[in-house]
Amino acid sequence: MKFVEYGKKNSHVIILLHGGGLSWWNHKEVAERLSDRFHIVMPILNGHSGSDVPFTSIEDNANDIISYIDENFGGHVLLMGGLSLGGQVLVEILSQKDDICKYAMIESALVIPMRMTASLIKPVYDICYPLIKKRWFAKLQFKALHMKAELFEDYYADSANISKKDMIAFLRANSHFCIKDTLVNCKAKAYVVVGSKERSLMKKSAEVIANALPTSTMEILQNYYHGDLSINHSEEYAQKLLQLINM
């Protein structure tokens, strides 16, 4: 796994995990806003553009990040945040190591399995994968994701570089994921967020996560889509992060 870093080397460490099909730039603006106060680390999840190994499972991504934190930061960081697939990886990390961070921000993480959707992913992508490299098709997908226009080139370049095998693998993992019983042991103070314009299944997932975490608050952001907070509203994301850790 590869890592992009911003900020002071000796200050408090924040780990931010990007969404599926994106890359570290998911949190670039957030990192720029916080780099004068924190050491920001943004892993590139396995199987994504810029990564050095294929995607195998959410659990393997979690293990790689835990190992990185153990080796570089003594096993503990101040805060971890994750969007969508990155949020699922974060939930898995919190399930595996209950004291790895003091604070956690979990944004739009699906934890209710969609088995029918998972069964359709491979046949659908066997047919439509070649279109992903087409600029006109990427623009249609980008518009559906409600990301701000200036991120298109990053999105197009990175989505076109993801192999069909990796894309199918992480989309299926995303659709199958559910929380582990050990999540209730997590010691982190957590903030769970989802957009009001997301599917009802995403809102229910946020409730499931919040109910499983002993110390958590949940918020439904009005008129926000999937990933809106970290991708399109970096200033608000940074403010909420600072409020969570009371700094």
Side-chain angles (χ1 to χ4, degrees), residues 1 15-22 26 43 45-48 54-67 69 79-101 103-125 145 165-221 224-227 229-230:
M1 182 173 285
I15 308 281
L16 298 175
L17 307 175
H18 65 79
L22 310 181
N26 180 159
L45 298 179
N46 297 339
H48 287 71
F55 185 94
T56 51
S57 68
I58 287 172
E59 289 77 11
D60 285 347
N61 274 268
N63 289 334
D64 287 350
I65 294 166
I66 291 171
S67 295
I69 292 172
L79 180 143
M80 299 187 72
L83 163 65
S84 194
L85 179 65
Q88 293 173 317
V89 174
L90 174 52
V91 168
E92 178 62 26
I93 289 170
L94 299 177
S95 301
Q96 290 190 28
K97 189 169 183 179
D98 56 23
D99 64 345
I100 197 166
C101 58
Y103 307 98
M105 289 184 67
I106 303 166
E107 181 183 3
S108 301
L110 177 68
V111 297
I112 300 173
M114 300 189 301
R115 292 181 177 85
M116 180 61 73
T117 298
S119 68
L120 295 173
I121 288 170
K122 187 178 187 304
V124 168
Y125 274 85
L145 292 171
K165 182 178 179 180
D166 282 325
M167 189 166 291
I168 290 172
F170 72 69
L171 287 173
R172 292 184 69 177
N174 172 268
S175 297
H176 279 297
F177 185 73
C178 59
I179 62 173
K180 309 296 193 297
D181 292 340
T182 50
L183 186 62
V184 299
N185 300 322
C186 177
K187 297 178 175 62
K189 180 180 179 182
Y191 171 61
V192 183
V193 62
V194 66
S196 68
K197 292 190 174 182
E198 297 196 55
R199 293 173 297 166
S200 59
L201 196 63
M202 297 304 303
K203 297 169 191 173
K204 180 61 178 177
S205 289
E207 292 176 4
V208 170
I209 296 169
N211 289 335
L213 289 167
T215 307
S216 66
T217 57
M218 175 187 157
E219 183 178 5
I220 298 177
L221 296 175
Y224 274 35
Y225 293 96
H226 187 78
L229 180 61
S230 61

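When every heavy atom of I93 is checked against every heavy atom of A62, the shortest pair comes out as CG1-CB, 3.6 Å. The minimum heavy-atom distance between L83 and G227, with the atom names listed, is CD1-CA, 3.4 Å. Shown here for E198 and S108, the closest heavy-atom pair between the two residues is OE2-OG, 2.5 Å. Smallest separation of non-hydrogen atoms from S95 and T182: O-OG1, 2.9 Å. In terms of heavy atoms, V192 sits closest to A206 at CG1-O, 3.7 Å. For the residue pair D60 and S57, the shortest heavy atom distance occurs at N-OG, 2.9 Å.
Under the 3.5 Å distance criterion, the side-chain polar atoms of N26 are left unmatched by any main-chain donor or acceptor of S230. Counting only distance, with no hydrogens or angles, the side chain of H18 and the backbone of L45 share a donor-acceptor pair below 3.5 Å.
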Would you tabulate the side-chain donor-acceptor contacts of residues 111-124 under 3.5 Å, counting partners in other chains and residues two or more places apart, or write 'none'?
{"from": "S119", "atom 1": "OG", "to": "M116", "atom 2": "O", "distance (Å)": "2.6"}
{"from": "K122", "atom 1": "NZ", "to": "D126", "atom 2": "OD2", "distance (Å)": "3.0"}

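When the salt bridge (Lys or Arg N to Asp or Glu O under 4.0 Å) test is applied to K187, the partners found at least two apart in sequence or on another chain are D98. Every residue meeting the ring pair (Phe, Tyr, Trp, His ring centres under 6.0 Å) condition with F170, not counting sequence neighbours, appears here in chain and number order: H48. In terms of the salt bridge (Lys or Arg N to Asp or Glu O under 4.0 Å) criterion, K189 has no residue partners (sequence neighbours excluded). Considering only residues two or more places apart in sequence or on other chains, Y224 meets the ring pair (Phe, Tyr, Trp, His ring centres under 6.0 Å) condition with H233.
Here D64 contributes atom CG and M1 contributes atom CE; the two are 4.5 Å apart, rounded to the nearest 0.5 Å. From K204, atom NZ reaches atom CG of L110 across 13.0 Å, with rounding to the nearest 0.5 Å. Annotation: the span from L171 atom CG to F55 atom CZ amounts to 9.0 Å, rounded to 0.5 Å. Between atom CG of residue L16 and atom CD of residue E107 there is a gap of 10.5 Å, rounded to the nearest 0.5 Å. To the nearest 0.5 Å, atom CE of residue M80 and atom SG of residue C101 are 6.0 Å apart. To the nearest 0.5 Å, atom SG of residue C186 and atom CD1 of residue I209 are 11.5 Å apart.
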Derivation and outcome, salt bridge (Lys or Arg N to Asp or Glu O under 4.0 Å), residues E59 and K180: CA-CA 11 Å; E59 289 77 11; K180 309 296 193 297; 3.1 Å; yes

Evaluate the side chain to side chain contact (heavy atoms under 4.5 Å, CB included) criterion for residues I106 and L213: first the C-alpha distance (whole Å), next the side-chain angles of each, then the deciding distance (0.1 Å), finally the verdict. CA-CA 11 Å; I106 303 166; L213 289 167; 3.9 Å; yes

Starting from the C-alpha separation in whole Å, work towards a yes-or-no answer on side chain to side chain contact (heavy atoms under 4.5 Å, CB included) for D99 and K97. CA-CA 6 Å; D99 64 345; K97 189 169 183 179; 3.6 Å; yes

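For the pair N174/I58, no side-chain contact is recorded, criterion being any heavy-atom separation below 4.5 Å from C-beta on. Side chains of S84 and H226 form a contact here, defined as non-hydrogen atoms less than 4.5 Å apart. In this structure, L79 and I15 have side chains that are not in contact, with every pair of non-hydrogen atoms separated by 4.5 Å or more. Counting heavy atoms from C-beta outward, V194 and L221 have side chains that stay 4.5 Å or more apart.
Under the ring-ring contact (aromatic ring centres under 6.0 Å, His included) criterion, no residue pair touches residues 171-210, with sequence neighbours excluded.
Under 3.5 Å, the side chains of E92 and Q96 contain a donor-acceptor pair of N or O atoms.
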